[in-house]
S.K.: 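The structure follows.
Proteins come first, then strands; the chains are lettered A, B, ... in the order of their sequence lines, and each starts at number 1.
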Amino acid sequence: NAGVTQTPKFQVLKTGQSMTLQCAQDMNHEYMSWYRQDPGMGLRLIHYSVGAGITDQGEVPNGYNVSRSTTEDFPLRLLSAAPSQTSVYFCASSQGGTGQIYGYTFGSGTRLTVV
Amino acid sequence: KQEVTQIPAALSVPEGENLVLNCSFTDSAIYNLQWFRQDPGKGLTSLLLIQSSQREQTSGRLNASLDKSSGRSTLYIAASQPGDSATYLCAVSEGYSTLTFGKGTMLLVSP
């Protein structure tokens with residue numbers, strides 16, 4: 001099925017470990033972004049990309065890296081995991097420009113626990 | 001900085017009631033506004049998207065309105081059902097690439 005695919009769905013990390021959250025979309029969307037969702041805080045933007053090779057920081061970028069080498073993929077890297085990064089992470093994509101009539105499509109999320 | 005507020009934070013109604021969820025935003029220079037539904041432990045499902053030039057959108061029992069000048073949107077749910085129980089999120093887009101979210105309204109519809 002077309003859409004945004006996130007892997008893994010669940011992950012437990014120890015403090016200081018690194019990992020990559022994967023995000024892939026098959027809709028040829030230009031724009032992709034990562035959000036984290038925390039109780040009482042809502043969804044907050046971590047990083048986003050407006051096309052292959054172009055990324056920028058969002059509201060809460062510290063501790064995370066991204067790259068966009070292809071249109072389809074937008075991985076999120078945790079460099080040295082901290083308990084404060086325990087959260088649910090969502091990847092989203094949109095067509096951009098006149099394609100905004102279709103809005104944003106979200107993945108099913110990755111639930112990350114850092115112990 | 002854009003801020004999005006949703007009122008009420010939680011709502012409990014009996015089945016069959018018509019209800020209104022409210023969303024307000026501080027900067028009216030938006031491209032569009034999108035309403036999402038989120039079930040517990042699940043991802044976000046898009047319900048309705050309203051372009052900045054539009055006043056409302058309808059899908060089945062759902063109707064969303066947008067008053068851009070006053071920074072307000074409402075989501076109207078007609079004849080509510082227990083299956084409508086979920087958290088409803090409002091989000092605005094100021095550019096094409098990102099969204100700013102409210103914290104959501106948690107809706108419980110009892111049989």
Side-chain angles (χ1 to χ4, degrees), chain A residues 1 3-7 9-10 23 25 27 29-51 54-61 66 68 74 87-111, chain B residues 1-7 9-10 21 23-26 29-54 56-57 59 62 64 66 68 73 75 86-106:
Chain A
N1 292 334
V4 179
T5 302
Q6 290 185 239
T7 56
K9 294 189 182 302
F10 301 94
C23 176
Q25 52 92 8
M27 299 171 284
H29 283 176
E30 290 181 76
Y31 300 143
M32 297 185 74
S33 47
W34 278 101
Y35 297 83
R36 60 177 288 173
Q37 186 176 35
D38 302 291
M41 301 294 292
L43 280 93
R44 294 178 292 169
L45 180 67
I46 305 172
H47 285 286
Y48 65 99
S49 169
V50 298
I54 306 170
T55 63
D56 206 346
Q57 297 180 350
E59 183 185 356
V60 288
V66 292
R68 183 111 179 260
F74 190 43
S87 186
V88 181
Y89 292 85
F90 289 101
C91 179
S93 72
S94 66
Q95 190 166 347
T98 56
Q100 276 302 296
I101 59 174
Y102 302 112
Y104 292 78
T105 301
F106 278 76
S108 59
T110 294
R111 193 171 296 270
Chain B
K1 178 187 171 185
Q2 177 77 266
E3 292 184 1
V4 180
T5 303
Q6 291 188 244
I7 295 173
L21 308 182
C23 173
S24 62
F25 46 96
T26 55
I30 64 170
Y31 283 100
N32 57 51
L33 183 146
Q34 197 164 358
W35 283 93
F36 295 89
R37 168 187 173 136
Q38 185 176 30
D39 293 291
K42 303 295 184 182
L44 281 68
T45 301
S46 179
L47 297 174
L48 290 165
L49 178 141
I50 311 176
Q51 299 287 343
S52 60
S53 59
Q54 298 174 322
E56 66 177 345
Q57 283 286 333
S59 176
L62 305 179
L66 174 64
K68 188 178 156 184
S73 176
L75 179 66
T87 296
Y88 291 81
L89 297 166
C90 167
V92 299
S93 174
E94 298 169 87
Y96 291 138
S97 54
T98 62
L99 291 168
T100 302
F101 282 87
K103 294 181 180 180
T105 293
M106 187 181 302

S.K.: Only counting residues at least two apart or in another chain, list the ones meeting side-chain contact (heavy atoms from CB on, under 4.5 Å) with Q38(B).
M.R.: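 In terms of side-chain contact (heavy atoms from CB on, under 4.5 Å), with neighbours along the sequence ignored, Q38(B) is linked to Q37(A), F90(A), L44(B), L89(B).
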S.K.: Do T98(B) and Y31(A) come close enough that some side-chain heavy atom pair is under 4.5 Å?
M.R.: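 Counting from C-beta outward, T98(B) and Y31(A) never come under 4.5 Å.
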S.K.: Is any side-chain heavy atom of F36(B) closer than 4.5 Å to one of L43(A)?
M.R.: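 Not touching, per the 4.5 Å side-chain cut-off.
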S.K.: Within a 6.0 Å radius of atom CE on M27(A), are there more than 12 heavy atoms belonging to other residues, nucleotides or ligands?
M.R.: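 Above 12, so yes.
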S.K.: Before giving the answer on side chain to side chain contact (heavy atoms under 4.5 Å, CB included), spell out for F101(B) and L45(A) the whole-Å C-alpha distance, their side-chain angles and the decisive distance to 0.1 Å.
M.R.: CA-CA 9 Å; F101(B) 282 87; L45(A) 180 67; over 6 Å; no
S.K.: Please rank S93(A), G40(A), S49(A) by heavy-atom pairs under 4.5 Å with chain B and give me the top one.
M.R.: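 Sorted descending by pairs with chain B, the first entry is G40(A).
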S.K.: Hey, does the side chain of Y35(A) reach the backbone of L99(B) with a donor-acceptor pair shorter than 3.5 angstrom?
M.R.: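 At least one qualifying donor-acceptor pair exists.
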S.K.: For the backbone of G42(A) and the side chain of K103(B), can you confirm whether one donor and one acceptor N or O come within less than 3.5 Å of each other?
M.R.: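 Looks like no, no N/O pair under 3.5 Å.
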S.K.: ring-ring contact (aromatic ring centres under 6.0 Å, His included) with Y89(A): which residues, sequence neighbours excluded?
M.R.: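 ring-ring contact (aromatic ring centres under 6.0 Å, His included) list for Y89(A), sorted by chain: Y64(A).
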S.K.: Heavy-atom distance under 4.5 Å to chain B: side chain of R111(A), backbone, both or neither?
M.R.: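 Only the side chain of R111(A) comes within 4.5 Å of chain B.
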